Amino acid sequence: MIKAILFCLGFCLISFFSCANTGSRLTATGGITGFEGTAGGGITPWAFISGYGSKEEINGTANVQYLHLNDYTLTTFGASLGIYDRIELSVQRQSLDISSGITSNVFSLLTDGAISAAQSTRIDMDIVSAKVKVLGDGVFTQRSWMPQVAVGAQYKKHRDFDTTLLLPDGSGPLPNQGVARILGAKDDSGTDFFVSATKLYLGHINGFNLLTNLTARYTKANTFGLLGFASENDDSYKVEWEGSLALLTSPSTVIGVEFRTQTNRLGGLAEEDTVTDAFIAYFPNKSFSLTAAYVDLGNLPMQPSSTGFYLTATANF
Amino acid sequence: MSSHLQKIRITTAAIALLLSMLGGISGCTSTQTASQTSASLYDEIGGSKTLNTVFGVAINRIYKDPVIGHYFNGVPKSHLRKQLVSQTCELIGGPCVYEGKAMLETHKDLNIKEREFYILVEYVQGAMRDVGLTYQQENQILQKLAPIKYETIYL
């Protein structure tokens, strides 16, 4: 894991310093890499294709991300390919570290206090995504309200659905039951489908560019899939909504806010709230971007108020 | 419950922050340009004199570009400059009427790539910055010029 991150970081740096041809679209119009690997904002896809490739170009991105929410820490990294400003393909690995405090509390609750200590654990998940721009030009169509529209899918596969939670002595009283399963999730994999409409209004607010995005997501995921997919008594897809509002305050700076609704299928300990964030993204050039955000996830199991900082670095090549 | 309240508070704060920023900014606009229409953008940047400088700088760079320079072989710089100035002047509310040929006509059969169009846009953006236009003025001009994309590429 650490090795992979270092590799990825090294990769970013190499591309940052050595690679001149990052595609010819205008700076910042590739968005940043969201925590699921899809280009857009931090928590929601946009209709823009990753990277800066035009209709004649193929370009790639690589990213590393870090989200710290007290007893939960999400690290994630991945890469994407933007093909002819039409198709985006991406892979992302997410790793959610859960502290022993949280697992201990879960055991304590499940056993009425009989077991009060457990080891920390980690949930790994792989995401493979595709996005296709279907219509519009969100940057250069300025005489009408017409946004750029893209559709996409994110296939998510758990790697720790069956990972036994261990007690300090190494025993596992609930064999082959990972966190997601204990909390009531039914499936270890799922596919989200989404449609995003994105538009950049040039010179819109006292001459500043305003970006708006609305995404509808068709999903079975519990907490983005990190807590599995569907539940024993609810196996149906639901529509969730996501949005971004951002202002380009300089050629290299974007500030904005985002939201993302969740289904709250599992309820109980795993109750889901609407996610919000406020971010600032820095695009010093077309090779590299850095984003910092304050994220509020609401409830996570045994942590009713989960807020923290999110950092994303994306390299373009 | 408390987490809910806190979350709502944070969300509200974040949105309020952005809105107040937007509000503050547009507030400035209304006081600054209350009686002005889009014609003010032309005056605000310094009229044709500034546009001449901007396009003079941009055209010098465009003609030297290894990718797009060749499109302008045989086109006198002064002619292109005049066309671009009068076209932009008209679009941003100046007292000009573009009398050149239609964009669709002049770019027909050139098969200009999207990538090449973006290169040109960046030269114009760069020239506006170097000449000293503000980022806001640059965005507003780009907003007017943007639709030209589909009157130039892949024809």
Side-chain angles (χ1 to χ4, degrees), chain A residues 21 23-27 29 52-57 84-85 137 139-144 200-210 244-253 255-259 271 273-279 286 293-300 303-307, chain B residues 1-19 21-33 38 41 44 67 92 113-122 125-126 129 133-150 153-154:
Chain A
N21 185 17
S24 49
R25 264 157 57 209
L26 305 183
T27 306
T29 58
Y52 294 117
S54 65
K55 277 177 190 168
E56 303 85 16
E57 296 167 317
Y84 303 135
D85 198 18
D137 180 336
V139 180
F140 283 87
T141 298
Q142 291 292 324
R143 282 181 196 150
S144 80
L200 185 66
Y201 294 91
L202 295 173
H204 194 64
I205 293 174
N206 193 30
F208 289 106
N209 301 338
L210 178 73
S244 310
L245 189 62
L247 198 66
L248 283 73
T249 52
S250 85
S252 57
T253 317
I255 58 162
V257 289
E258 301 183 285
F259 77 92
E271 185 175 314
D273 296 319
T274 295
V275 183
T276 54
D277 75 57
F279 69 86
K286 282 202 234 176
Y294 180 72
V295 183
D296 184 352
L297 247 80
N299 181 66
L300 287 173
Q303 185 174 287
S305 174
S306 304
T307 60
Chain B
M1 272 300 116
S2 66
S3 88
H4 249 101
L5 278 176
Q6 192 186 353
K7 191 172 67 59
I8 289 164
R9 224 176 288 139
I10 289 164
T11 313
T12 316
I15 291 168
L17 185 74
L18 193 80
L19 286 181
M21 248 199 87
L22 302 185
I25 291 159
S26 48
C28 289
T29 322
S30 52
T31 50
Q32 212 170 46
T33 59
S38 62
L41 181 56
E44 189 190 313
V67 178
I92 63 173
K113 312 278 185 292
E114 192 179 55
R115 167 171 172 252
E116 296 166 335
F117 174 79
Y118 290 144
I119 292 173
L120 186 134
V121 172
E122 286 189 338
Q125 274 186 314
R129 274 172 218 176
L133 266 61
T134 65
Y135 179 54
Q136 295 99 303
Q137 291 165 342
E138 173 192 323
N139 293 334
Q140 287 169 296
I141 292 172
L142 191 62
Q143 190 252 334
K144 297 293 183 192
L145 295 176
I148 290 174
K149 176 178 176 184
Y150 294 99
I153 65 165
Y154 288 108

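All chains are named by letter (A, B, ...) in the order of the sequence lines, taking the proteins before the strands, and each is independently numbered beginning at 1. Everything numeric here is computed off the predicted structure, so don't read it as measured data.
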Checklist entry - Quick one: does B:Ile153's side chain get under 4.5 Å of A:Lys55's, heavy atoms only? => result yes
Checklist entry - Given that the side chain runs from C-beta out, which part of A:Leu200 has a heavy atom under 4.5 Å from chain B: side chain, backbone, both or neither? => result neither
Checklist entry - So, do A:Pro251 and B:Gln125 sit near enough that their side-chain heavy atoms are less than 4.5 Å apart? => result no
Item to check | Centroid separation B:Phe117 to A:Phe140 less than 6.0 Å | outcome: yes
Checklist entry - Measuring from B:Thr134:OG1 to A:Phe208:CZ, what's the distance to the nearest 0.5 Å? => result 8.0 Å
Item to check | Within 6.0 angstrom of B:Tyr150 OH, more than 12 heavy atoms from elsewhere | outcome: yes
Checklist outcome for this item: Interatomic distance, CD@A:Glu57 vs NZ@B:Lys113, rounded to 0.5 Å, equals 11.5 Å
Checklist entry - Under a 4.5 Å cut-off applied to non-hydrogen side-chain atoms, are B:Glu114 and A:Glu56 in contact? => result yes
Next on the checklist: Quick check for you: among A:Leu202, A:Asp85, A:Leu248, which has the greatest number of heavy-atom pairs under 4.5 Å with chain B?
Outcome noted: A:Leu202
Checklist entry - Quick one: are B:Tyr135 and A:Asn209 in side-chain contact, heavy atoms under 4.5 Å? => result yes
Item to check | CG on B:Asn139 to CG on A:Asn206, rounded to 0.5 Å | outcome: 10.5 Å
Next on the checklist: Can you tell me which of A:Gly203, A:Ser24, A:Ser306 forms the most heavy-atom pairs within a distance under 4.5 Å of chain B?
Outcome noted: A:Ser24
Checklist outcome for this item: Output for pair (A:Ile205 CD1, B:Gln136 CD), nearest 0.5 Å, gives 12.0 Å
Checklist entry - Between atom CG of B:Leu142 and atom CG of A:Leu26, what is the distance when rounded to the nearest 0.5 Å? => result 7.0 Å
Checklist entry - If you tally heavy-atom pairs under 4.5 Å against chain A, which of B:Arg129, B:Arg115, B:Gln140 wins? => result B:Arg115
